[in-house]
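Given the structure is predicted, the values throughout are model-derived calculations rather than measurements. Values reported hereafter were calculated over all heavy atoms of this structure, with side chains retained and with hydrogens, waters and symmetry mates removed. In what follows, chains are A, B, ... by sequence order, proteins preceding strands, each numbered from 1.
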Amino acid sequence: MTDDSITKPDFIREIIADDLASGKHATVITRFPPEPNGYLHIGHAKSICLNFGIALENRPVAAKCHLRFDDTNPEKEESEYVESIKQDVKWLGFDWGEDLYFASDYFQFFHDCAVHLIKAGKAYVDDDSAEEMRQKRGNLTTPGSRSACAERGVEENLALFEKMRFGGFKEGECVLRARIDMASPNMNLRDPVLYRIMHAHHHNTGDNWCIYPMYDFAHPLEDALEHVTHSLCTLEFENHRPLYDWFIDHCPVPSRPRQIEFARLNLTYTVMSKRKLLQLVRDGHVSGWDDPRLPTISGLRRRGYPAAAIRDFSKRIGVTKFNSTTDVALLEFEVRDFLNREAPRRMAVLDPVRLTLENRSAEPLTLIEVANHPQNPEAGGRVIPIGSEIWIEREDFMEDPPKKFHRLGPGRHVRLRGGPIIRCTAFEKDADGQVTLIRAEILPGTIGNDAPEGVQCKAAIHWVDVASGADAEVRLYDRLFSVENPDAAEAGFTSVLNPDSLKTITAKIEPALAAAEPGFCCQFERIGYFVSDSKDHRPSVSPVFNRSVALKDSWARQAGRPD
RNA sequence: AGCCUCAUAGUGUAAUGGUAACACCCCGGAUUUUGAUUCCGUUAUUCUAGGUUCGAAUCCUAGUGAGGCUACCA
């Protein structure tokens, strides 16, 4: 269902194609390596689509993409997140097959590599405190100086490391460091920490270990162990690549993966950092991690964004090293583009006003068959009852319409979508001047036929039958922030939250909508795309719909302009 | 301040030393039983300065701007 025509080779795909062509690799193995410490968001979706996409595209050479949980820090990780991440990857349409891994399953190997480095004189146990280490590391312009512990012999280091491993030290008492270069202009190479002591329970290994490897040490080894050929990560790891390569060079690994960095996704009108997302949830600015306004995968899913639209979006934005910010309008375009093709049409009236059909004896219709999709006859149709009273949208009637207004007004004609043309004969107002009732007559014989000679009918409006229609809660979602770049807000990102990001209203919906199952995506004709809420929607009892995205509305733009 | 990386219409990307293009957005028009869709069209682009070359968005140098790096996070 995804649009393959969008795919064009980016610099990473070119590298891979070259490696395949030159015979450097016979196949391609990528991996998506989340830390299970939070929920996935659309930035992760970019990485997922990249890594799994490359594997899919290279199927002829048996390419694969692994799902690997980078769970090397027991203090931050929970198995609850493992399940939600698996669910999100699956929902996005990707399959890791047999290749589900946990970094924690490699703890023994990491340990053995550490011992290997110690024996080679390339790692040592350091008793310096974190504070002392920081001071001796130097800074951006001045070289660091080595800890006195670096002079320890191999046997002593071996013994101390074993003592670390078997719980002989308290947390923070010492660490294992690589012996590289304290004067390197790349801070990552100033004798980085390999192992720290954590007397913590791990979600996978329980209490088997009390030393845990650092990302920089573990990650290249994980990749190499899994025979990953191309290890794709975001730009902030550029300076880590020399260290990545150093571990590959100095440890007994079975393969040589290559790290390639690309720019992470930034989107306008939202925030993407885990910390800020967490704050929005904790402080109650949103209802939870799956709030439809959040850029989380679960939020987008609940919002009714199709997985295919997110995949198309990922292709459309490309992959580069340029630190860019993508206009969220591009995501919304992909959502509309997909839903326009796939979503069945339904009718709902968001701001209802009653309309009475007066000449029912002249046109005694009781049922109307309405097409489910204007461009796709295969989508079939549905039968909607129609009585003498219907709801129409308040803004589809004007007492004194301007010449460019095509809808209903006194004496004017309009077509009821899928039904007959009607003519407004009268209307009533209350004391405040608010229209309370519209009276209209049906033009007999106009269902499925053009307007009779001499009748001006330039629009079709949606409607809901009063007798058979139902009430529904409709949640009108809009952008969470009112400025393009909330991260740059002087008073903090929460100061630029959009106060109108959610408007909840009661709407009138046609019978088929009330009966829909949760997660049903459709277009409310002339309004936008909506989905029945996966959590709160109760079919036929208490329907709840979320707006995914509004339809483009050139009339609103035109009408809003001064003449 | 040192090191690394990046810079093409408003936004995101393509052009791999040989005519700067595609998508989104915006604007206009045609069609339309959704003021949607579809179709057609308009506006607008190589950060700056030098250099190499017959020829530079592309290669080199410098500058400018942006991002990253001084966790026992990932």
What residues form a salt bridge (Lys or Arg N to Asp or Glu O under 4.0 Å) with A/R190, not counting sequence neighbours?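 If we apply the salt bridge (Lys or Arg N to Asp or Glu O under 4.0 Å) test to A/R190, skipping adjacent residues, there are no hits.
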Mind checking what makes salt bridge (Lys or Arg N to Asp or Glu O under 4.0 Å) contact with A/R345, not counting sequence neighbours?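 Checked A/R345 against salt bridge (Lys or Arg N to Asp or Glu O under 4.0 Å); zero matches.
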Base, sugar-phosphate, or nothing for [X], non-hydrogen atoms under 4.0 angstrom?
{"X": "A/Q523", "answer": "base"}
{"X": "A/T268", "answer": "nothing"}
{"X": "A/T446", "answer": "base"}
{"X": "A/L243", "answer": "nothing"}
{"X": "A/G448", "answer": "base"}
{"X": "A/G528", "answer": "nothing"}
{"X": "A/F405", "answer": "base"}
{"X": "A/P374", "answer": "base"}

Return the polar atom pairs (N/O with N/O) between nucleotides 39-43 of chain B and the protein under 3.5 Å, or none.
none

For [X], enumerate each residue passing the ring pair (Phe, Tyr, Trp, His ring centres under 6.0 Å) test, keeping only those at least two apart in sequence or located in another chain.
{"X": "A/Y244", "result": "none"}
{"X": "A/F262", "result": "none"}
{"X": "A/F32", "result": "none"}

Taking the [atom1] atom in each of [N] and [M], what is the distance between them to the nearest angstrom?
{"N": "B/U48", "M": "B/G41", "atom1": "C1'", "result": "35 Å"}
{"N": "B/C69", "M": "B/C26", "atom1": "C1'", "result": "40 Å"}
{"N": "B/A71", "M": "B/C6", "atom1": "P", "result": "25 Å"}
{"N": "B/C73", "M": "B/A15", "atom1": "P", "result": "41 Å"}
{"N": "B/U32", "M": "B/U19", "atom1": "P", "result": "43 Å"}
{"N": "B/A9", "M": "B/A14", "atom1": "C1'", "result": "13 Å"}
{"N": "B/A74", "M": "B/U37", "atom1": "P", "result": "47 Å"}
{"N": "B/A62", "M": "B/G2", "atom1": "P", "result": "13 Å"}

Proximity to the side chain of [X] - top-ranked nucleotide from [options]:
{"X": "A/K552", "options": "B/U37, B/U34, B/G35", "value": "B/U37"}
{"X": "A/K321", "options": "B/C25, B/U33, B/C6", "value": "B/C6"}
{"X": "A/T325", "options": "B/U38, B/G12, B/C6", "value": "B/G12"}
{"X": "A/F333", "options": "B/U34, B/C24, B/C26", "value": "B/C24"}
{"X": "A/R316", "options": "B/A36, B/G12, B/A23", "value": "B/A23"}
{"X": "A/R557", "options": "B/A36, B/C27, B/U34", "value": "B/C27"}

Rounding to an integer number of Å, can you tell me how far [X] [atom1] sits from [N] [atom2]?
{"X": "A/D553", "N": "B/U37", "atom1": "CG", "atom2": "C1'", "value": "14 Å"}
{"X": "A/L330", "N": "B/G10", "atom1": "CG", "atom2": "P", "value": "17 Å"}
{"X": "A/E510", "N": "B/U34", "atom1": "CD", "atom2": "C1'", "value": "14 Å"}
{"X": "A/E393", "N": "B/A36", "atom1": "CD", "atom2": "C1'", "value": "15 Å"}
{"X": "A/D337", "N": "B/A36", "atom1": "CG", "atom2": "P", "value": "15 Å"}
{"X": "A/E395", "N": "B/U34", "atom1": "CD", "atom2": "P", "value": "16 Å"}
{"X": "A/L551", "N": "B/U37", "atom1": "CG", "atom2": "C1'", "value": "9 Å"}
{"X": "A/E332", "N": "B/U11", "atom1": "CD", "atom2": "C1'", "value": "13 Å"}

N or O in side chain of A/R526 less than 4.0 angstrom from B/G35 OP1/OP2: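 Yes, A/R526 has a side-chain N/O under 4.0 Å of OP1/OP2 on B/G35.
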State whether A/T320 places a side-chain N or O below 4.0 Å from either non-bridging phosphate oxygen (OP1 or OP2) of B/U13.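 A/T320 to B/U13 OP1/OP2: side-chain N or O found under 4.0 Å.
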Does A/E334 make a side-chain donor-acceptor contact with the base of B/A23, cut-off 3.5 Å?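 Side chain to base: no pair below 3.5 Å.
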Set of side-chain contact (heavy atoms from CB on, under 4.5 Å) partners for [X], sequence neighbours left out:
{"X": "A/F237", "value": "A/Y215, A/C233, A/T234, A/H240, A/Q259"}
{"X": "A/C174", "value": "A/V125, A/D127, A/M164, A/F169, A/I197"}
{"X": "A/D487", "value": "A/V271, A/K276, A/N485"}

Which of parallel (below 30°), tilted (30 to 60°) and perpendicular (above 60°) describes A/Y101 and A/Y106?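 Aromatic pair A/Y101/A/Y106 classed tilted.
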Tell me, for nucleotides 60-74 of chain B in 5' to 3' order, what letter each nucleotide earns: B for a base near a protein heavy atom under 4.0 Å, S for only sugar-phosphate near one, - for neither? -------BBBBSBBB
Using a 6.0 Å cut-off, check whether atom NZ of A/K274 has over 12 heavy atoms from anything other than its own residue.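 Buried by this count: over 12 neighbours within 6.0 Å.
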Does a sphere of radius 6.0 Å around CD in A/E80 hold more than 12 heavy atoms from other residues, nucleotides or ligands, not counting ones at 6.0 Å or beyond?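 Atom CD in A/E80 is crowded, with more than 12 foreign heavy atoms closer than 6.0 Å.
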Does a donor on one side chain and an acceptor on the other come within less than 3.5 Å for A/Y39 and A/D88?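 On atom types as modelled, these side chains do not qualify, holding no pair under 3.5 Å.
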Will you find, in the side chains of A/N37 and A/E35, an N or O donor that is under 3.5 Å from an N or O acceptor?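 There is such a pair between these side chains.
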For A/D327 and for A/H406, locate the closest nucleotide of RNA chain B by heavy-atom distance; then report the residue assigned to the nucleotide nearer the 5' terminus.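 Comparing both residues, the 5'-ward one is A/D327.
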Residues 447-455 of chain A, side-chain donor-acceptor partners within the protein, below 3.5 Å, at least two apart:
unit_1: A/N449; atom_1: ND2; unit_2: A/G445; atom_2: O; d: 2.9

Would A/M187 and A/N239 count as a side chain to side chain contact (heavy atoms under 4.5 Å, CB included) if you check the C-alpha gap in whole Å, the side-chain angles of each, and the deciding distance to 0.1 Å? CA-CA 8 Å; A/M187 302 296 289; A/N239 296 338; over 6 Å; no
Taking only Watson-Crick and G-U wobble pairs with both distances under 3.5 Å, what dot-bracket line describes RNA chain B, where [ ] shows pairs that cross earlier ones and | shows pairs with another strand? .((((((..((((....[..))))..((((.......)))).....(((((..]....))))))))))).....
Need the glycosidic conformation of B/A71: syn if within 90° of 0, anti if not. Which one?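 The base of B/A71 is oriented syn (glycosidic angle within 90° of 0).
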